[in-house]
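I'd like to ask some things about the structure below.
Proteins come first, then strands; the chains are lettered A, B, ... in the order of their sequence lines, and each starts at number 1.
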There are 2 protein chains.
Amino acid sequence: MTILRIADGQVLTPELTIERADVLVDREEGEILAVETKPEDSENPMDEMDTADEETLDASGGLVIPGLVNAHTHASMTLLRGYADDKPLAAWLEEDIWPVEANLTPADIRAGADLAAVEMIRSGTTAFSDMYFHVPEVAATVERSGLRARLGHGVVTVGRDEETAREDLKTSLDVASEYDGAANGRIRTAFMPHSLTTVGEGYLEEYVGRARDLGVPVHYHANETAAETSPIVEEHGTRPLVYAAERGLLEAGDYVAHAVHVDEREIDLLAESGASVIHCPASNAKLASGIAPVQRMLDAGVTVGLGTDGPASNNDLDTFDELRDAAMVGKLDAGDASAVPAEAAIGIATAGGADALGFDSGRIEAGRNADLAVLDLSAPHLTPVHDLVSHLAYAARGSDVRHTICDGQVLMRDRDLVTLDERAVCEAAADHATDLVRRTNEAQSS
Amino acid sequence: MTILRIADGQVLTPELTIERADVLVDREEGEILAVETKPEDSENPMDEMDTADEETLDASGGLVIPGLVNAHTHASMTLLRGYADDKPLAAWLEEDIWPVEANLTPADIRAGADLAAVEMIRSGTTAFSDMYFHVPEVAATVERSGLRARLGHGVVTVGRDEETAREDLKTSLDVASEYDGAANGRIRTAFMPHSLTTVGEGYLEEYVGRARDLGVPVHYHANETAAETSPIVEEHGTRPLVYAAERGLLEAGDYVAHAVHVDEREIDLLAESGASVIHCPASNAKLASGIAPVQRMLDAGVTVGLGTDGPASNNDLDTFDELRDAAMVGKLDAGDASAVPAEAAIGIATAGGADALGFDSGRIEAGRNADLAVLDLSAPHLTPVHDLVSHLAYAARGSDVRHTICDGQVLMRDRDLVTLDERAVCEAAADHATDLVRRTNEAQSS
């Protein structure tokens with residue numbers, strides 16, 4: 001057994017208390033072996049063990065936290081960061097995003113996913129969920145970067161002929177089947193119909209059944225905007241998540257993105273079903289979609305994770321921003337400064353997201369995945385320290401992350417990436433973005 | 001004349017376009033001398049000038065912007081960062097903040113202000129407005145740090161006997177008189193009654209007149225919470241800003257913090273008066289106060305600046321966070337993704353704040369104060385570049401700032417502080433915070 005000792009830091013416990021401890025990681029298994037508390041002036045029992053196969057990662061002056069979980073994104077949209085802003089969701093998609101997405105090549109997807117991986121590792125995110133196209137390219141990025149992810153191919157059938165629609169649905173099932181368990185188990189998959197309004201009712205019913213046969217969960221956008229919920233209410237006479245449940249799309253393990261416009265019945269339905277909600281506060285603000293009622297969901301027992309959504313509506317992949325945003329807009333939505341307190345926001349950014357994605361991470365305790373981040377606490381904006389839990393929610397940001405570890409492997413050490421060549425990734429992404437815009441403009445003018 | 005040449009960067013113009021240019025600064029006058037655009041393949045006219053007295057600051061690969069303006073804070077509350085969170089404004093002030101503030105010493109104030117200065121310089125803020133106590137200590141920090149500020153002593157008369165109240169009011173006028181123009185003109189002052197409800201009506205009328213005689217503007221909290229506006233409506237039968245205007249507190253040069261709960265008449269009154277609003281989106285979210293209707297104010301012609309408020313309700317002094325928050329919550333408030341677009345958010349963080357505080361900065365053009373920040377654009381989260389204005393609003397953060405310049409003096413060069421000893425400031429602030437909490441606990445238990 002080779003051990004990674006994350007030494008001399010303070011550690012965020014699953015109860016969200018702070019204790020001085022070393023975190024010992026079994027590197028082969030990618031698991032946390034032990035959390036060794038360090039009582040004052042006592043000898044360290046591990047000091048007498050054979051340390052030949054032990055590597056130390058210095059966490060002195062630092063805070064060891066579970067790696068953050070970015071549970072809903074479209075990673076390769078890094079190429080479209082800042083491409084179009086300040087427009088409502090429908091116009092933004094139809095006028096800007098979909099035309100350029102139509103020109104995305106597999107090589108673009110990989111360049112964008114690589115950039116996303118660099119950003120996430122640099123800001124302490126160790127797991128993500130991705131809904132996009134050309135999943136094999138994203139899977140290759142996950143494999144190479146060392147991150148953990150639940151991946152899927154996003155399906156749209158509306159406005160397409162049956163052959164194209166069925167091909168897209170089949171692709172989503174095929175990649176879910178083929179890549180589940182890839183990258184030494186770090187990749188899991190889901191069937192990913194884009195949303196309840198962009199995939200036809202008949203297709204949903206038919207293909208969700210096939211996803212169940214494959215044993216993969218379902219992930220989709222739901223109740224994001226008021227404009228998206230009303231057609232379902234009008235056509236089917238019922239709320240969107242009731243419509244989803246009745247068609248078999250709301251079961252334990254499933255997770256829906258956004259859930260901004262939900263009523264009490266839908267919140268209860270989410271809690272009863274065991275399906276999770278991925279809260280995307282920045283994207284929902286930037287597109288003026290609204291604020292998801294996170295405190296009410298938590299009170300009802302819904303599992304809530306946190307997502308950046310695509311970087312074109314954010315505009316970055318720093319999950320620390322979302323953590324702070326969740327606490328901030330949660331209070332605005334509830335009209336109560338005690339709503340979505342620091343502990344709740346940290347919970348949804350770590351354990352909540354891990355639970356939503358079905359990963360055994362998000363908590364620092366023996367037996368869990370060794371998915372961790374170490375924050376440097378020396379920055380002026382983290383001084384003084386009255387309460388590290390408060391700092392984590394309200395003052396820390398991705399740039400405070402010193403080391404990032406996933407599955408027992410160090411992905412960033414002292415702010416230097418280990419698995420990816422940051423400079424090369426940035427240059428490739430910039431080149432692909434330039435070329436993508438050129439091709440899009442040519443296609444539109446021809 | 002000694003010239004500072006900020007060389008080879010891209011420059012944000014007052015029209016919020018981007019051009020390749022060198023910015024030439026007259027260091028003695030602290031002014032921008034010229035913005036020298038760099039046409040492709042043309043010889044640089046300044047290259048032939050005598051460069052003996054010219055120093056170059058490398059901005060290659062960078063974006064030169066006006067230094068951000070943090071137009072409402074209580075800087076020394078850095079000592080209380082994370083001291084109490086997740087509580088409504090009234091309970092937070094009465095149960096946590098006021099008891100500990102009662103134990104603040106002048107040395108505490110200075111340690112806290114020094115830490116605030118470090119944070120602001122590191123995140124590209126070059127000017128701020130401070131309402132707190134022991135103003136001479138804050139002024140000493142401004143002098144030493146090289147920042148620009150409008151300072152004042154916050155007055156509360158409610159719950160105090162007349163002698164104490166008048167002493168506090170006199171202190172506010174005295175420091176406004178004594179320090180106006182200090183630090184080679186970088187310090188300006190204001191008379192600062194805490195708010196319309198915490199300073200008695202008679203005192204307001206009497207002392208605001210004296211402030212006018214001294215020629216200093218008035219700064220106060222207004223319309224922050226619903227709970228704060230209703231007593232004025234009930235007692236005086238009129239909206240708070242009408243009450244303020246009728247008592248002479250809403251004139252050109254005056255600036256009010258928050259203005260969350262304002263009606264159309266109050267917005268019109270603000271626009272007509274020439275008084276400004278300082279929008280504090282993070283503090284207003286964290287305390288669940290609400291969202292100021294910034295787009296409506298801008299449409300009405302109100303000058304709007306941006307403030308972090310005190311770091312105990314934020315919890316940092318990175319004005320880039322506020323810039324992004326202003327764009328984000330502005331869209332939520334308006335229910336319109338085109339509200340408070342990137343350009344508007346950047347405008348209030350720079351020119352708007354400078355105008356509110358009466359500083360000739362916030363725009364990069366000849367003759368203005370040389371208050372500038374240079375952002376490093378090489379970070380993954382700023383890659384690729386479709387639109388630098390979008391990046392500035394939605395993706396950049398304080399940690400991307402490479403150099404900070406105020407009044408022609410370099411305050412941070414390549415992330416190293418020039419005027420302050422960052423390590424010593426952080427250590428002193430941590431010590432003062434620990435001691436302050438110990439003294440507060442002792443006072444409460446005795």
Side-chain angles (χ1 to χ4, degrees), chain A residues 78-83 85-89 92 115 118-119 122-123 282 285-288 290-291 314-318 321 324-325 327-329 331-332 334-339 341-342 378 380-381 383-388 390-391 393-395 397 399 422 425-426 429-430 432-434 437, chain B residues 78-83 85-89 92 115 118-119 122-123 282 285-288 290-291 314-318 321 324-325 327-329 331-332 334-339 341-342 378 380-381 383-388 390-391 393-395 397 399 422 425-426 429-430 432-434 437:
Chain A
T78 46
L79 296 192
L80 304 178
R81 186 199 316 279
Y83 178 68
D85 299 290
D86 303 325
K87 296 175 87 166
L89 180 61
W92 177 77
L115 178 57
V118 166
E119 263 192 276
R122 288 193 72 76
S123 51
K286 185 157 184 273
L287 297 166
I291 304 174
N314 191 302
N315 287 350
D316 62 41
L317 294 171
D318 183 345
D321 284 351
R324 176 176 173 276
D325 288 345
M328 292 297 204
V329 300
K331 297 176 206 317
L332 283 176
D336 176 1
S338 68
S378 68
H381 61 268
T383 305
V385 176
H386 294 294
D387 178 354
L388 283 174
S390 162
H391 276 12
Y394 296 116
R397 67 274 315 257
S399 52
E422 179 176 337
V425 165
C426 287
H432 277 270
T434 302
V437 171
Chain B
T78 47
L79 296 192
L80 304 179
R81 186 198 318 279
Y83 179 70
D85 300 289
D86 302 325
K87 296 174 86 165
L89 179 63
W92 177 78
L115 178 57
V118 166
E119 266 194 273
R122 288 193 72 77
S123 51
K286 184 155 184 274
L287 296 166
I291 304 175
N314 191 306
N315 288 348
D316 63 40
L317 293 172
D318 183 345
D321 285 351
R324 176 175 173 275
D325 288 344
M328 293 296 202
V329 301
K331 297 175 205 318
L332 284 175
D336 176 0
S338 69
S378 68
H381 63 267
T383 305
V385 175
H386 295 294
D387 179 354
L388 283 175
S390 162
H391 276 12
Y394 296 117
R397 65 272 317 253
S399 52
E422 178 175 340
V425 164
C426 286
H432 277 271
T434 302
V437 171

(request) Heavy-atom distances under 4.5 Å only: say whether A:K87 touches chain B with side chain, backbone, both or neither. (result)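 The backbone, not the side chain.
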(request) Against chain A, label B:N314 side chain, backbone, both or neither, depending on which of its atoms sit under 4.5 Å from a heavy atom there. (result)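 Both parts, backbone and side chain.
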(message) So for B:A327, is it side chain, backbone, both, or neither that comes closer than 4.5 Å to the heavy atoms of chain A?
(response)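 For B:A327, neither part sits under 4.5 Å from chain A.
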(message) Between B:R324 and A:D325, does any side-chain N to carboxylate O distance fall below 4.0 Å?
(response)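 The answer is yes: the pair qualifies as a salt bridge.
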(message) Can you tell me which of A:C426, A:S123, A:A430 forms the most heavy-atom pairs within a distance under 4.5 Å of chain B?
(response)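 Result: the option with the highest number of such pairs is A:C426.
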(message) How long is the straight-line distance from CE of A:M328 back to CG of B:L287, given to the nearest 0.5 Å?
(response)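 Answer for the CG-CE pair, B:L287 versus A:M328, is 8.5 Å.
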(message) If I measure from the heavy atoms of chain A, does B:V437 come under 4.5 Å with its side chain, its backbone, both, or neither?
(response)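 Interface part for B:V437: side chain.
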(request) Would you check if the side chain of A:H386 reaches a backbone N or O of A:H391 as a donor-acceptor pair within less than 3.5 Å? (result)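 Checking the backbone N and O of A:H391 against the side chain of A:H386, no donor-acceptor pair under 3.5 Å is found.
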(request) Could you have a look at A:T383, A:T434, A:V425, A:L317 and say which one has the most heavy-atom pairs with chain B under 4.5 angstrom? (result)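 Among A:T383, A:T434, A:V425, A:L317, the one with the most close pairs to chain B is A:T383.
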(request) State, yes or no, whether a side-chain contact exists between A:L115 and A:R81 at a heavy-atom distance under 4.5 Å. (result)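 The answer is yes, as the side chains (C-beta and beyond) meet within the 4.5 Å cut-off.
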(message) So for B:D85, is it side chain, backbone, both, or neither that comes closer than 4.5 Å to the heavy atoms of chain A?
(response)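 The answer is the side chain of B:D85.
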(request) Working to the nearest 0.5 Å, report the span between CG of B:N315 and CG of A:D387. (result)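 Atom-to-atom, B:N315:CG and A:D387:CG are 9.5 Å apart.
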(message) For A:H381, which atoms come within 4.5 Å of any heavy atom of chain B: side chain, backbone, both, or neither?
(response)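 A:H381 touches chain B through backbone and side-chain heavy atoms alike.
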(message) For B:R397, give me all partners under salt bridge (Lys or Arg N to Asp or Glu O under 4.0 Å), at least two apart in sequence or on another chain.
(response)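 Testing B:R397 for salt bridge (Lys or Arg N to Asp or Glu O under 4.0 Å), a comparison that skips the adjacent residues, returns A:D316, A:D318, A:D321.
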(request) Against chain B, label A:T78 side chain, backbone, both or neither, depending on which of its atoms sit under 4.5 Å from a heavy atom there. (result)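 The backbone, not the side chain.
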(request) Examine whether an atom of A:S378 lies under 4.5 Å from a heavy atom of chain B, and if so say whether it belongs to the side chain, the backbone or both; otherwise answer neither. (result)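 Its backbone and side chain both get close to chain B.
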(request) Heavy-atom distances under 4.5 Å only: say whether B:A282 touches chain A with side chain, backbone, both or neither. (result)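 Both parts, backbone and side chain.
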(request) Among the options A:E119, A:H432, A:K286, pick out the one with the most heavy-atom pairs lying under 4.5 Å from chain B. (result)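 Sorted descending by pairs with chain B, the first entry is A:K286.
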(request) Would you please name every residue forming a side chain to side chain donor-acceptor pair (under 3.5 Å) with B:D86, sequence neighbours left out? (result)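 Once residues adjacent in sequence are excluded, the partners of B:D86 under the side chain to side chain donor-acceptor pair (under 3.5 Å) criterion are A:K331, A:Y394.
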(request) Identify the heavy atoms of B:A393 and B:A342 that sit nearest to each other, and give their distance. (result)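 Residues B:A393 and B:A342, closest heavy atoms: CB-CB, 3.6 Å.
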